[in-house]
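Take a look at the structure set out below.
These numbers come from the heavy atoms of this one structure, side chains and all, not from hydrogens, waters or symmetry mates. Small disclaimer: the values here were computed from a predicted structure and weren't measured.
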Amino acid sequence: MSAVPLTQKLVVLCLLNSCKHPLTSEQIDVYMVENHWSDYMLVQQLKCELQEAQFVTVTDTPLHFTMLTPRGRDSLRLFVNRIPPYLRRQVDVFVQNNAERILRESTIFTDVQPQNSGSSYRAQVRLYEGQNLALSVKITVPDEATARSFQRRFASRGSALRE
């Protein structure tokens with residue numbers, strides 16, 4: 001028998017359903033913990049149980065996108081009344097109030113790395129459409145400050161690239 005309460009599993013399914021696009025495993029961790037819907041260790045267990053039950057699927061990509069399966073969607077529909085109404089509202093309000101953040105965090109990934117010589121830095125930016133890589137840009141610059149500036153500018157304007 002599972003040690004993870006049904007309500008918390010349903011909250012993850014509700015979150016994925018409300019977002020309308022895949023979330024990374026890290027996003028689920030952060031959103032569940034920052035909203036006090038669960039603690040980190042329990043989130044790890046419930047993600048595994050949801051995947052084993054085939055309610056969610058996780059991509060093999062390095063970002064581990066988590067998607068609601070038809071089975072998960074059907075289960076949510078059947079058991080949604082087991083989520084207290086205040087908790088369903090919290091999930092809906094969170095997704096509505098953070099739509100741009102959620103989209104940005106699940107579509108734009110940036111990284112800055114020193115090159116082997118240490119005299120230059122590589123800034124990499126990747127833009128995803130769903131779980132598919134749509135754009136990848138790597139640029140070598142002379143210093144870390146320039147690389148971080150490129151990273152910040154791309155992340156802040158990334159939504160314009162999707163329009």
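For Asp92, the side chain to side chain donor-acceptor pair (under 3.5 Å) test picks out Ser18, with sequence neighbours left out. Judged as a ring pair (Phe, Tyr, Trp, His ring centres under 6.0 Å), and not counting sequence neighbours, the contacts of Phe94 are Tyr31, Trp37.
Checked by atom type and distance alone, the side chain of Arg82 never pairs as donor or acceptor with a backbone atom of Thr7 at under 3.5 Å. Side chain of Gln27 to backbone of Ile102: a donor-acceptor contact under 3.5 angstrom is found. Side chain of Asp143 to backbone of Thr146: a donor-acceptor contact under 3.5 angstrom is found.
Residue Val93 is not grouped with residue Val91 when hydrophobic side chains (ILVMFWY) are merged at heavy-atom distances under 4.5 angstrom, including chains of intermediate members. Put simply, Phe65 and Val58 are part of two different groups of oily side chains (I, L, V, M, F, W, Y) that touch within less than 4.5 Å, one to the next.
Atom CG of residue Asp29 and atom OG of residue Ser38 lie 9.5 Å apart, to the nearest 0.5 angstrom. Residue Lys9 holds its NZ atom at 13.0 Å from CD1 of Ile83, rounded to the nearest 0.5 Å. Here the CE atom belonging to Met41 is positioned 11.5 Å from the CG atom belonging to Leu46, to the nearest 0.5 angstrom. Note: Gln90 CD to His36 NE2 = 9.5 Å, rounded to the nearest 0.5 Å. Rounded to the nearest 0.5 Å, atoms CG (Leu10) and CG (Leu50) are 8.5 Å apart. Note that the CD atom of Gln45 and the CG atom of Asp39 stand 10.0 Å from one another [nearest 0.5 Å].
Partner of Ser25 under the side chain to side chain donor-acceptor pair (under 3.5 Å) criterion, chosen from Lys47, His64, Gln44: Lys47.
The closest side-chain heavy-atom distance from Cys14 to Leu76 is below 4.5 Å. The shortest distance between side-chain heavy atoms of Val12 and Met32 falls below 4.5 Å. At least one side-chain heavy atom of Thr59 sits less than 4.5 Å from a side-chain heavy atom of Met67. Contact of the Ser149 side chain with the Arg153 side chain is registered, since non-hydrogen atoms from C-beta on lie closer than 4.5 Å. Taking the side chain as every heavy atom from C-beta outward, Phe150 and Val141 never approach each other to under 4.5 Å. Using a 4.5 Å cut-off on side-chain heavy atoms (C-beta onward), Phe55 and Leu13 make contact. Contact of the Leu23 side chain with the Leu15 side chain is registered, since non-hydrogen atoms from C-beta on lie closer than 4.5 Å. Inter-residue side-chain proximity for Gln113 and Gln124 is flagged as unmet; no heavy-atom pair is nearer than 4.5 Å.
Taking all atoms of both residues into account, the shortest heavy-atom contact from Ala147 to Ala123 is O-CB, 4.0 Å. Of all the heavy atoms in Gly72 and Leu68, the pair that sits closest is C-CD1, 3.9 Å.
In summary, Arg71 and Glu52 do not engage in a salt bridge, as defined by a charged side-chain N under 4.0 Å from a carboxylate O. A salt bridge is defined here as a Lys NZ or Arg NE, NH1 or NH2 lying under 4.0 Å from an Asp or Glu carboxylate O, and Arg77 with Asp74 meets this definition.
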Pair Gln115-Ser120, side-chain hydrogen bond (donor to acceptor under 3.5 Å, both in side chains): steps then yes or no: CA-CA 6 Å; Gln115 295 296 85; Ser120 62; 4.8 Å; no
Criterion side-chain contact (heavy atoms from CB on, under 4.5 Å) on Thr57 and Thr66, from CA distance to verdict: CA-CA 6 Å; Thr57 184; Thr66 303; over 6 Å; no
